[in-house]
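Following this message is one structure expressed as structure tokens.
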Protein chains: 2
Amino acid sequence: MTDLSGDIFKTIDPDRTGTTSEEVISQLREMIHRGELRPGDRLPPERDLAKLLGVSRPTLRAGIRSLAAVGVLRSRQGAGTFVVKADGPPSLDSSPLRLMASLHGFTSGEMFEARQSLEMAVAGLAAERATSEHMATLSEEIAGMYASLDDPEQFLVHDMRFHQTVAAASGNRILTSLMNMVATILFDVRRKTVNRAKDLKESAEMHRQVYRAVRARDKEAAQNAMRDHLMRAQKAQESEEMDDSAVVAAGDGSIS
Amino acid sequence: MTDLSGDIFKTIDPDRTGTTSEEVISQLREMIHRGELRPGDRLPPERDLAKLLGVSRPTLRAGIRSLAAVGVLRSRQGAGTFVVKADGPPSLDSSPLRLMASLHGFTSGEMFEARQSLEMAVAGLAAERATSEHMATLSEEIAGMYASLDDPEQFLVHDMRFHQTVAAASGNRILTSLMNMVATILFDVRRKTVNRAKDLKESAEMHRQVYRAVRARDKEAAQNAMRDHLMRAQKAQESEEMDDSAVVAAGDGSIS
DNA sequence: TCGGCAAAATGGTTTTACCTTTATCTAATC
DNA sequence: GATTAGATAAAGGTAAAACCATTTTGCCGA
């Protein structure tokens with residue numbers, strides 16, 4: 001925890017540019033940039049902080065809410081407002097992308113393609129940089145997949161963890177975050193469908209192909225294996241949605 | 001414009017789950033998902049909408065602010081609150097990524113690598129799908145670069161437009177949005193530096209390489225040219241920052 | 001020592017009032 | 001008749017005070 005009792009909170013200049021709440025956002029952002037607020041830190045109570053910044057509580061709350069909406073702050077009633085703690089990989093909220101998809105009518109084909117590009121990129125990097133721990137985890141998740149061929153929900157858990165491990169092995173947290181953003185949306189769709197046993201076995205097999213390529217430090221092979229895997233997964237999911245026409249109300253391939 | 005005078009706004013259920021403002025967010029999100037609110041639409045005045053949803057105005061404003069923070073809504077004092085109009089390519093706000101970078105100490109190396117991966121992906125797709133209009137625009141921007149070798153600021157404009165055109169030519173708006181998110185941050189850093197004439201000429205040359213590969217519909221060549229271009233650009237920028245040590249206060253390669 | 005209860009701390013919500021900006025309409029003037 | 005300036009209304013932005021709900025903390029008693 002960082003001591004926040006000092007005078008790091010400066011009052012807002014009345015002759016500011018833009019609205020007051022925007023100034024509050026800038027103020028908080030700057031403090032994070034400068035490292036005065038670090039992950040896990042607790043902000044002063046709203047009433048105190050409002051006084052410190054020289055604004056009203058609603059205005060301060062507006063600023064806090066904006067930062068909370070983008071996943072930087074998190075308020076818990078009765079406890080306080082905290083800078084989001086980085087437990088595990090940093091992740092960007094996927095709801096902005098989700099809304100963007102609704103607004104512009106992104107097709108699931110586009111979403112699949114984006115994921116494929118990102119996954120291929122991280123797979124290539126993972127082949128170059130994966131540590132032995134990463135390799136071990138990948139192997140475990142594949143074993144988990146084979147062990148849950150008759151439990152689609154459990155299979156999906158191992159599936160997600162496998163891809164997250166590949167992303168972690170890439171060593172690039174930005175690509176990892178972006179990939180998770182896209183993958184989360186697709187997994188949410190998939191969670192509503194029921195995978196057939198045949199598809200699951202094939203899927204496990206293709207994950208193993210990716211793993212072997214990464215283990216062999218073969219960048220191109222890893223990218224190709226990942227591309228093939230995701231292409232098959234897309235086709236499988238699409239045919240499944242064709243079978244069960246009730247999955248998507250409109251049935252036009254748009255993101256739910 | 002969509003007629004909003006109907007009864008599409010339903011009051012919030014008092015026996016809801018979560019906080020009231022979260023429910024407001026869900027309500028608005030659902031309306032966007034269902035297409036009842038479309039880009040460019042104006043929401044009812046806050047006072048009226050608060051009544052319609054059965055919540056207080058501050059609570060409604062909290063919900064609106066959250067959606068505004070992720071770029072879905074936009075409020076203009078005196079005018080009203082609007083669903084963001086999609087003029088041009090849809091874009092995600094880069095500030096969440098920027099804050100994430102500060103919080104987790106992302107290096108600019110990581111950022112460059114992420115951009116490189118994304119740009120290579122869109123370049124490959126662009127080689128497959130670019131229309132003749134896209135080709136023409138790319139050619140124009142390159143001409144613009146050569147014409148502004150002595151004007152770094154103007155050069156940067158053509159540079160950005162070139163990359164955005166490549167992204168647009170990829171036909172994948174999601175990858176385009178993600179790429180812009182990352183590229184925006186890097187361009188902001190670069191805007192503060194002054195590029196040397198020698199670098200600019202080389203840069204223009206490498207853009208031309210990308211253009212020729214796209215025009216030749218050579219996917220691999222386009223990806224390779226883009227990779228080489230960005231790699232050189234990164235090295236040039238890094239050496240420039242070495243020359244002018246005042247650019248980055250800490251000088252530790254972290255994102256400003 | 002442990003468990004439960006109470007009090008304090010803290011964010012969440014509501015109400016009311018007023019300010020600032022924007023848009024629109026009207027009327028006067030050129 | 002067209003244009004512009006001013007008034008008016010509409011809409012979001014800010015502020016203050018009060019109360020509610022939840023969480024935390026610590027005290028007190030069994």
Side-chain angles (χ1 to χ4, degrees), chain A residues 1 3-5 9 11-28 37 40-85, chain B residues 1 3-5 9 11-28 37 40-85:
Chain A
M1 287 289 183
D3 179 23
L4 298 179
S5 60
F9 295 94
T11 60
I12 302 287
D13 180 8
D15 308 346
R16 68 193 177 278
T17 61
T19 66
T20 307
S21 58
E22 279 171 1
E23 199 60 25
V24 170
I25 296 173
S26 302
Q27 193 83 4
L28 293 174
L37 288 179
D41 278 355
R42 185 178 121 181
L43 272 62
E46 292 184 351
R47 292 164 179 81
D48 298 352
L49 185 50
K51 263 285 186 259
L52 285 170
L53 293 177
V55 300
S56 70
R57 195 174 155 218
T59 301
L60 170 66
R61 279 177 60 76
I64 289 176
R65 180 159 284 276
S66 288
L67 291 174
V70 298
V72 176
L73 297 180
R74 170 129 173 185
S75 294
R76 281 164 46 215
Q77 189 174 187
T81 300
F82 302 83
V83 179
V84 160
K85 179 82 171 192
Chain B
M1 287 292 182
D3 180 23
L4 299 180
S5 60
F9 296 94
T11 60
I12 301 286
D13 181 6
D15 309 344
R16 65 193 179 278
T17 61
T19 66
T20 307
S21 58
E22 280 171 1
E23 199 60 26
V24 170
I25 296 173
S26 302
Q27 192 83 3
L28 293 174
L37 288 179
D41 278 354
R42 184 178 121 182
L43 272 64
E46 292 185 352
R47 292 163 178 81
D48 299 351
L49 186 50
K51 263 282 186 260
L52 285 170
L53 293 177
V55 300
S56 70
R57 195 176 154 219
T59 302
L60 170 66
R61 279 178 60 78
I64 289 176
R65 180 159 282 278
S66 288
L67 290 175
V70 298
V72 176
L73 297 181
R74 168 127 174 189
S75 294
R76 281 164 47 213
Q77 187 175 189
T81 301
F82 302 82
V83 179
V84 159
K85 180 80 170 191

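Below, chain A is the first sequence line, B the second, and so on; all start at residue 1.
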Qualifying residues under salt bridge (charged side-chain N to carboxylate O under 4.0 Å, His left out), relative to A:Arg57, sequence neighbours excluded
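With neighbours one apart ignored, the set is A:Glu46.
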Mind calculating the distance between CD (B:Gln77) and P (D:dA15) to the nearest angstrom?
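For the pair B:Gln77 CD and D:dA15 P, the rounded distance is 12 Å.
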Contact check, side chains of A:Arg65 and B:Ser21, non-hydrogen atoms, under 4.5 Å
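A:Arg65 vs B:Ser21: side chains touch.
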Which of these nucleotides, D:dT22, C:dT14, D:dA11, is closest to any side-chain atom of B:Ser56?
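Per side-chain heavy atoms of B:Ser56, the pick is C:dT14.
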What's the CG-P distance between A:Leu73 and C:dG12, to the nearest Å?
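In whole Å, C:dG12 P lies 11 Å from A:Leu73 CG.
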Distance in angstrom units between A:Phe82 CZ and D:dT22 P, rounded
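Taking atom P of D:dT22 as the reference, CZ of A:Phe82 is at 18 Å.
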A:Glu46 CD to D:dA17 P: how many Å, rounded?
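The answer, rounded to whole Å, is 17 Å.
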Measuring to OP1 and OP2 of D:dG12, would you say a side-chain N or O of B:Arg65 lies under 4.0 angstrom away?
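B:Arg65 to D:dG12 OP1/OP2: no side-chain N or O under 4.0 Å.
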Could you give the CZ-to-P distance, from A:Arg47 to C:dA8, as a whole number of Å?
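In whole Å, C:dA8 P lies 15 Å from A:Arg47 CZ.
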B:Arg61 side chain, from C-beta outward: closest of D:dT23, D:dA11, D:dT14:
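Between D:dT23, D:dA11, D:dT14, the one nearest the side chain of B:Arg61 would be D:dT14.
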With respect to the phosphate group of C:dG11, does any side-chain polar atom (N or O) of A:Thr81 fall under 4.0 Å of OP1 or OP2?
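So the side chain of A:Thr81 is within the cut-off, an N or O lying under 4.0 Å from OP1 or OP2 of C:dG11.
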Starting at the 5' end of DNA chain D and moving along, which residue's nearest nucleotide shows up first, A:Gly78 or A:Ala62?
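Taking each residue's closest nucleotide, the earlier one in sequence belongs to A:Ala62.
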Counting just side-chain N and O atoms, does A:Arg57 come under 4.0 Å of either OP1 or OP2 of C:dG12?
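Result: no.
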Let me know the distance between CG of A:Leu53 and P of D:dA15, rounded to the nearest Å.
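Result: 11 Å.
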Between D:dA15 atom P and A:Leu49 atom CG, what is the distance in whole Å?
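So the CG-P distance, A:Leu49 to D:dA15, works out to 13 Å.
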For a 4.5 angstrom cut-off between non-hydrogen side-chain atoms, does B:Leu73 reach B:Val84?
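Answer no - side chains too far apart.
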Go through D:dG12, C:dG11, C:dT14 for me and flag the one nearest to the B:Pro45 side chain.
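Nearest listed nucleotide: D:dG12.
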For A:Leu60 and D:dT14, what is the distance between atoms CG and P respectively, to the nearest whole Å?
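One finds 12 Å between P of D:dT14 and CG of A:Leu60, rounded.
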Could you check which of C:dG11, C:dA23, C:dT13 has an atom nearest any side-chain atom of B:Thr59?
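From the listed options, C:dT13 comes nearest.
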Would you say A:Ser21 reaches D:dT14's phosphate, i.e. side-chain N/O to OP1/OP2 under 4.0 Å?
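Result: yes.
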